[in-house]
Protein chains: 2
Amino acid sequence: MRTEVVSPVSRRSGILEFAVLGLLRESPMHGYELRKRLNTSLGVFRAFSYGSLYPCLKTLVQQGWLAEEPGHHPADPRAAAPLSNRRAKIVYRLTAEGKERFEELLDQTGPDAWEDEHFGVRFAFFGQTSRDVRMRVLEGRRSRLEERLAKMRASMARTREKLDAYTLELQRHGMESVEREVRWLNELIESEREGRDQRDQRDDRDLTREREWPPSDDTTT
Amino acid sequence: MRTEVVSPVSRRSGILEFAVLGLLRESPMHGYELRKRLNTSLGVFRAFSYGSLYPCLKTLVQQGWLAEEPGHHPADPRAAAPLSNRRAKIVYRLTAEGKERFEELLDQTGPDAWEDEHFGVRFAFFGQTSRDVRMRVLEGRRSRLEERLAKMRASMARTREKLDAYTLELQRHGMESVEREVRWLNELIESEREGRDQRDQRDDRDLTREREWPPSDDTTT
DNA sequence: TCAGGATGTATCGCACCGATACATCGGGAC
DNA sequence: GTCCCGATGTATCGGTGCGATACATCCTGA
């Protein structure tokens with residue numbers, strides 16, 4: 001059965017939803033900037049496009065998790081320029097319900113959080129979770145990778161001699177990559193376990209850590 | 001302009017098409033087996049589903065690149081015939097035109113061949129290409145990754161101090177992965193250059209290397 | 001003996017991508 | 001001065017491929 005009740009808005013995946021809520025938690029943003037952040041901060045593995053983002057934003061507003069704000073947003077120093085007919089820039093802000101929603105998603109540690117497409121984004125927001133959740137996600141990811149490793153080894157044992165050198169090399173390299181990620185996870189898990197990482201000594205209350213998103217040195221003009 | 005004329009069947013991507021043609025070149029297969037091979041031999045990075053495979057097969061047959069073989073009852077999927085329908089196993093065979101088509105695709109060394117989704121599959125069929133093509137694809141891939149690396153470095157330099165430890169660690173790990181792949185590519189390129197790999201001394205004529213893909217024990221029926 | 005798994009074909013909904021359209025703005029070339 | 005180009009900005013369309021599922025047959029083992 002396992003209905004899970006993952007999400008009313010997008011039954012599956014919803015990873016974009018998660019990322020958007022998470023980013024907007026720090027500060028309100030408009031679509032363009034959101035998309036840029038989506039493809040740098042979280043980037044590397046994941047890249048979202050406008051074709052995904054805008055429909056997603058629309059849905060989130062409908063759900064009441066985001067609110068649209070008019071004109072120019074407060075965090076932008078240059079926005080002081082008050083040419084009255086500024087282009088209709090839509091700034092999205094996280095509502096209280098949206099915050100709740102994000103919290104709820106953050107706590108989910110089911111298989112979804114371990115999948116390739118999800119894990120990177122989940123990890124990027126680890127700073128806003130409890131250690132408990134972090135551990136579950138990391139360990140879930142690791143066991144998922146180990147399953148995969150086992151399958152690959154079995155498959156290779158079965159077909160090794162039938163494959164040409166390139167196919168073999170591809171598989172070898174693939175396995176090595178997965179093994180490396182497992183080692184990486186091991187280190188992270190160990191690190192969490194030891195509490196060596198001091199940043200979360202103050203419990204999981206250090207959400208919205210006041211990053212002081214800076215206007216400071218951007219006065220190059 | 002650069003119209004490219006990549007493909008009439010699926011304007012973009014077509015990576016599945018490529019993989020199917022390539023696999024069927026070795027020997028005829030039916031869908032189920034094809035899909036298994038798709039997710040093991042080529043696997044690791046790519047995983048195709050029936051939802052992609054069957055429509056693709058249909059299209060390829062329409063193009064005349066594949067031919068359906070026996071299986072008693074060739075078509076009529078929604079057959080009203082309720083009983084005693086011996087399972088219609090559809091075996092697909094590469095036609096002469098299909099072979100040509102694959103050859104044509106093999107020779108393409110444009111950006112498409114370097115993308116994440118394509119490269120793995122292209123690499124898996126390197127054994128059927130000329131060294132020339134291999135070099136172009138490998139070098140293309142490498143420069144694509146180096147671009148990405150440059151972007152990541154720039155982005156990190158810009159935002160380093162604003163990010164929390166987890167985001168930072170994610171980026172670091174991502175960069176390291178990419179760097180590793182570059183090193184891997186370097187080795188491969190070097191290896192190709194030296195001709196250390198003996199398998200292709202006999203020019204690019206060693207296509208269809210007669211793998212002796214064994215039908216031997218398949219007489220279970 | 002019959003449940004459950006592997007084999008086998010096929011489709012539906014939809015998430016997400018890539019390209020594109022359209023508009024404003026700032027700055028550099030000339 | 002002005003003109004073009006790239007960055008900023010919102011938005012949609014067509015399409016690929018995924019995940020789940022439906023259905024049927026064959027094989028194996030408690």
Side-chain angles (χ1 to χ4, degrees), chain A residues 2-4 6-7 9-20 29-36 38-39 46-59 61 68 71-73 76 78-79 81 83 85-92 111-112 115-118 121 220-221, chain B residues 2 6-7 9-20 29-36 38-39 46-59 61 68 71-79 81-92 111-112 115-118 121 218 220-221:
Chain A
R2 187 166 305 282
T3 328
E4 273 281 4
V6 172
S7 157
V9 60
S10 55
R11 196 156 55 276
R12 223 178 358 269
S13 192
I15 189 59
L16 180 52
E17 173 196 348
F18 180 85
V20 166
M29 264 182 277
H30 50 93
Y32 188 81
E33 166 118 33
L34 214 33
R35 199 252 185 178
K36 257 198 312 182
L38 240 20
N39 296 323
R46 266 328 223 136
F48 297 100
S49 68
Y50 292 131
S52 314
L53 179 58
Y54 281 109
C56 175
L57 285 172
K58 199 182 293 179
T59 311
V61 168
E68 295 180 358
H72 33 283
H73 64 130
D76 192 345
R78 298 169 311 172
L83 283 185
N85 251 350
R86 281 187 76 83
R87 181 161 67 268
K89 192 194 257 186
I90 306 177
V91 176
Y92 296 91
D112 275 357
E115 297 307 317
D116 295 327
E117 330 86 56
H118 294 60
V121 178
T220 38
T221 25
Chain B
R2 185 165 306 282
V6 171
S7 160
V9 61
S10 54
R11 195 155 56 276
R12 224 181 354 270
S13 191
I15 189 58
L16 180 52
E17 173 197 347
F18 180 86
V20 166
M29 264 181 276
H30 51 93
Y32 188 81
E33 166 120 34
L34 214 33
R35 199 251 184 177
K36 257 197 313 186
L38 239 21
N39 296 322
R46 265 330 223 133
F48 297 100
S49 68
Y50 292 131
S52 314
L53 178 58
Y54 282 109
C56 175
L57 285 172
K58 198 182 293 180
T59 311
V61 168
E68 296 179 356
H72 305 282
H73 297 310
D76 203 1
R78 276 275 161 257
L83 292 180
S84 78
N85 224 357
R86 259 194 99 76
R87 181 156 76 264
K89 190 195 263 191
I90 307 175
V91 176
Y92 295 91
D112 275 357
E115 298 306 319
D116 295 326
E117 331 85 57
H118 294 60
V121 177
D218 217 4
T220 38
T221 28

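In the text below, chain A, chain B and the rest are named by the order of the sequence lines, each starting its count at 1. For the numbers below, each heavy atom of this structure counts, side chains included, while hydrogens, waters and symmetry mates do not.
The side chain of B:Y92 sits closest to C:dA10 out of C:dA10, C:dC16, C:dT11. For A:K36, counting side-chain heavy atoms from C-beta on, the closest listed nucleotide (D:dT8, C:dT11, C:dC17) is D:dT8. Here the nucleotide nearest the side chain of A:Y32, chosen from C:dA10, D:dG17, D:dG9, is D:dG9. Here D:dG19 is the nucleotide among C:dC17, D:dG19, C:dT9 with the atom lying nearest to any side-chain atom of B:S49. For B:S52, counting side-chain heavy atoms from C-beta on, the closest listed nucleotide (D:dG17, C:dC16, C:dT9) is D:dG17. When distances run from any side-chain atom of B:Y50 to the nucleotides D:dG17, C:dT9, C:dA19, the shortest one goes to C:dT9.
B:R35 places its CZ atom 11 Å from the P atom of D:dA20, with the value rounded to the nearest Å. As rounded to whole Å, 9 Å separates atom P of C:dC12 from atom NZ of B:K58. Here C:dG8 presents its P atom at 16 Å from CG of B:L38, a figure rounded to the nearest Å. To the nearest angstrom, C1' of C:dT9 lies 17 Å from CE of B:M29. Distance CG (B:L53) to C1' (D:dC18): 13 Å, rounded to an integer number of Å. In this structure, B:H30 atom NE2 and C:dA6 atom P are separated by 16 Å, rounded to whole Å. B:F18 places its CZ atom 18 Å from the C1' atom of D:dT16, with the value rounded to the nearest Å. Taking atom CG of residue A:L57 and atom P of nucleotide D:dG9, one finds them 14 Å apart after rounding to whole Å.
Shown are B:L38, B:V121, B:T59; of these, the side chain to side chain contact (heavy atoms under 4.5 Å, CB included) with B:L16 is made only by B:L38.
Nucleic acid contact for A:G51: base, since at least one base atom lies under 4.0 Å from a heavy atom of the residue.
In this structure the side chain of B:L57 never reaches within 4.5 angstrom of the side chain of B:I90, judged on heavy atoms. The side-chain heavy atoms of B:Y92 and B:E68, taken from C-beta on, include a pair separated by under 4.5 Å.
Nearest heavy atoms, A:P55 versus A:G51: CG-O, 3.4 Å.
The distance from the OH atom of A:Y54 to the CZ atom of A:F48 is 15.0 Å, given to the nearest 0.5 Å.
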